[in-house]
Amino acid sequence: MAVDALTVGAVAERAGLSTATLRFYEDRGLIQSTRTTGNQRRYPRHVLRRLAFVTAAQRVGLTLSEIRELLDTLPSDTIPTQDDWAAVAAPWRELVAARIRTLERLQTSLDECIGCGCLSLTRCSLINQDDAAATEGPGSRWVRRAEEAGRRRP
Ligand code: FES
């Protein structure tokens, strides 16, 4: 174990996060720790940069799954270099651009819906965005299908 390994409390304090959040991130594979002989968590010092990345990525709207995918591209056996971090951050541009496009579509929907208030299942994209079921025709097809599947079970 590295001499300068940090305790969970030290990492929480330095990163401004709770220890519960650190455990949650570790469960999700965003960070890794080693264990002492007394089964206490120890984190490498460079985990602070990973946590800063997670916080920044969440602020731009990335999900934890997306963040995990990006972090998985970092080398796991060495301390990531500046170039490694630059490579991880590169896909942000497209992800952020996609988020912006989604928000712009939502804003357009809001503009259309403010003052309308119908929340129509057939024409309101705010309440029924990307209506996949509409391609199969009217009615509660998916509910009926689920009920039929439930009846067929032994
Ligand atoms: S609320 Fe009427 S179209 Fe969205």
Side-chain angles (χ1 to χ4, degrees), residues 6-33 41 43-76 78-154:
L6 300 171
T7 64
V8 66
V11 172
E13 185 180 334
R14 299 263 313 260
L17 298 166
S18 69
T19 55
T21 299
L22 295 178
R23 282 191 291 275
F24 177 73
Y25 286 171
E26 192 167 343
D27 288 345
R28 293 294 182 98
L30 298 168
I31 59 174
Q32 291 84 36
S33 68
R41 295 168 198 260
Y43 295 91
R45 195 164 290 276
H46 61 85
V47 77
L48 295 170
R49 192 156 192 186
R50 285 179 80 97
L51 291 168
F53 180 88
V54 171
T55 301
Q58 285 181 307
R59 285 200 182 125
V60 298
L62 302 188
T63 66
L64 290 181
S65 301
E66 290 168 334
I67 297 168
R68 165 84 193 269
E69 282 180 31
L70 294 172
L71 288 174
D72 281 350
T73 64
L74 286 172
S76 60
T78 60
I79 297 173
T81 65
Q82 190 68 33
D83 288 344
D84 292 330
W85 283 108
V88 168
W92 281 29
R93 181 175 297 279
E94 181 48 39
L95 289 169
V96 170
R99 286 275 146 61
I100 290 170
R101 288 191 296 273
T102 299
L103 288 171
E104 285 173 345
R105 281 197 305 273
L106 179 61
Q107 184 179 29
T108 301
S109 297
L110 279 172
D111 289 346
E112 293 169 1
C113 293
I114 288 174
C116 175
C118 72
L119 298 178
S120 166
L121 287 174
T122 56
R123 70 183 189 96
C124 180
S125 60
L126 192 64
I127 194 74
N128 198 15
Q129 193 173 18
D130 303 326
D131 187 1
T135 60
E136 297 179 22
S140 55
R141 294 168 180 273
W142 291 1
V143 172
R144 287 190 303 249
R145 195 179 308 151
E147 286 172 351
E148 288 169 10
R151 270 187 246 126
R152 276 186 247 128
R153 283 195 196 124

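First listed ligand is number 1; within each ligand, the first listed atom is number 1.
Every residue two or more places apart in sequence or in another chain was checked for a salt bridge (charged side-chain N to carboxylate O under 4.0 Å, His left out) with Asp84, and none qualifies. Among residues two or more places apart in sequence or in another chain, the side-chain contact (heavy atoms from CB on, under 4.5 Å) test is passed with Glu104 by Ile100.
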Counting only pairs under 3.5 Å, give me each side-chain donor-acceptor contact of residues 89-97, with atom names and distances, residues two or more places apart or in other chains.
| residue | atom | partner | partner atom | Å |
| --- | --- | --- | --- | --- |
| Glu94 | OE2 | Arg101 | NH2 | 2.9 |

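Comment: Arg23 does not engage Asp27 in a salt bridge, judged by the lack of any side-chain N to carboxylate O separation of less than 4.0 angstrom.
The environment of CD in Glu13 is sparse: at most 12 heavy-atom neighbours from other residues, nucleotides or ligands sit within 6.0 Å.
Around atom 4 (Fe) of ligand 1, protein N, O or S atoms at a distance under 2.8 Å total 2; waters are neither shown nor counted.
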Check: Yes or no on side chain to side chain contact (heavy atoms under 4.5 Å, CB included) for Tyr43 and Glu26, after CA distance, side-chain angles and deciding distance?
Finding: CA-CA 11 Å; Tyr43 295 91; Glu26 192 167 343; 2.7 Å; yes
